Amino acid sequence: IFETHNVSVIAPILSKYKSTTIDFILKDNLIFNTTNEKINSILVNFNDGNGFVKLNVNQPITVDFSTVGNKMIDFKITLSNGKIINNHRV
């Protein structure tokens, strides 16, 4: 009778930043997994020419953008059952 849906949400803590170089950190206390599956990996594409790179929890990753302004960031979350969740954020 009921349908089950999954939701994935990714959002920055800072909405504005005035530099072209920034450190991104995915903190473990900000990850909420409501599925029955384990998160195997999180890949991120900052659209800076480097493609998708692995995002390690609690480890900063420095990104150099060529310009300031809004950026599209793409995420791929791979679950232990092989399902890939794609998410995009400006």
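Since the structure is predicted, the reported quantities are computational estimates derived from the model, not experimental observations.
- Interatomic distance, OG of S80 versus CG of N33, reported as 8.5 Å (0.5 Å rounding).
- Tracing side-chain contacts under 4.5 Å through hydrophobic residues (I, L, V, M, F, W, Y), one never reaches F75 starting from I25; they form parts of separate clusters.
- Using a 30° and 60° split on the angle between ring planes, F46 and F24 fall in the tilted class, from 30° to 60°.
- Residue T20 holds its OG1 atom at 8.5 Å from NZ of K71, rounded to the nearest 0.5 Å.
- Here K54 contributes atom NZ and T78 contributes atom OG1; the two are 10.0 Å apart, rounded to the nearest 0.5 Å.
- Residue N36 places its CG atom among 12 or fewer non-hydrogen atoms of other residues, nucleotides or ligands, all under 6.0 Å distant.
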Give the intermediate values and the outcome of side-chain contact (heavy atoms from CB on, under 4.5 Å) for residues V44 and I73.
-> CA-CA 7 Å; V44 60; I73 301 174; 3.5 Å; yes
Steps toward side chain to side chain donor-acceptor pair (under 3.5 Å) verdict (T21, D64) | CA-CA 4 Å; T21 302; D64 294 309; 2.6 Å; yes
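- Of all heavy-atom pairs between D48 and N45, the closest is N-OD1, 4.4 Å.
- Closest heavy-atom contact between E37 and L79: CB-CB, 4.0 Å.
- Annotation: the span from I77 atom CD1 to T35 atom OG1 amounts to 9.5 Å, rounded to 0.5 Å.
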Might you work through the side chain to side chain donor-acceptor pair (under 3.5 Å) test for N86 and D74, ending with a clear yes or no?
-> CA-CA 7 Å; N86 294 293; D74 304 308; over 6 Å; no
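- Contact check for I61 versus L55: side-chain heavy atoms found under the 4.5 Å cut-off.
- Put simply, F52 and V57 are part of two different groups of oily side chains (I, L, V, M, F, W, Y) that touch within less than 4.5 Å, one to the next.
- Proximity of L43 to V53: side-chain heavy atoms (C-beta onward) are nowhere separated by under 4.5 Å.
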T62/D23 under side chain to side chain donor-acceptor pair (under 3.5 Å): CA gap, chis, key distance, verdict = CA-CA 4 Å; T62 301; D23 286 335; 2.4 Å; yes
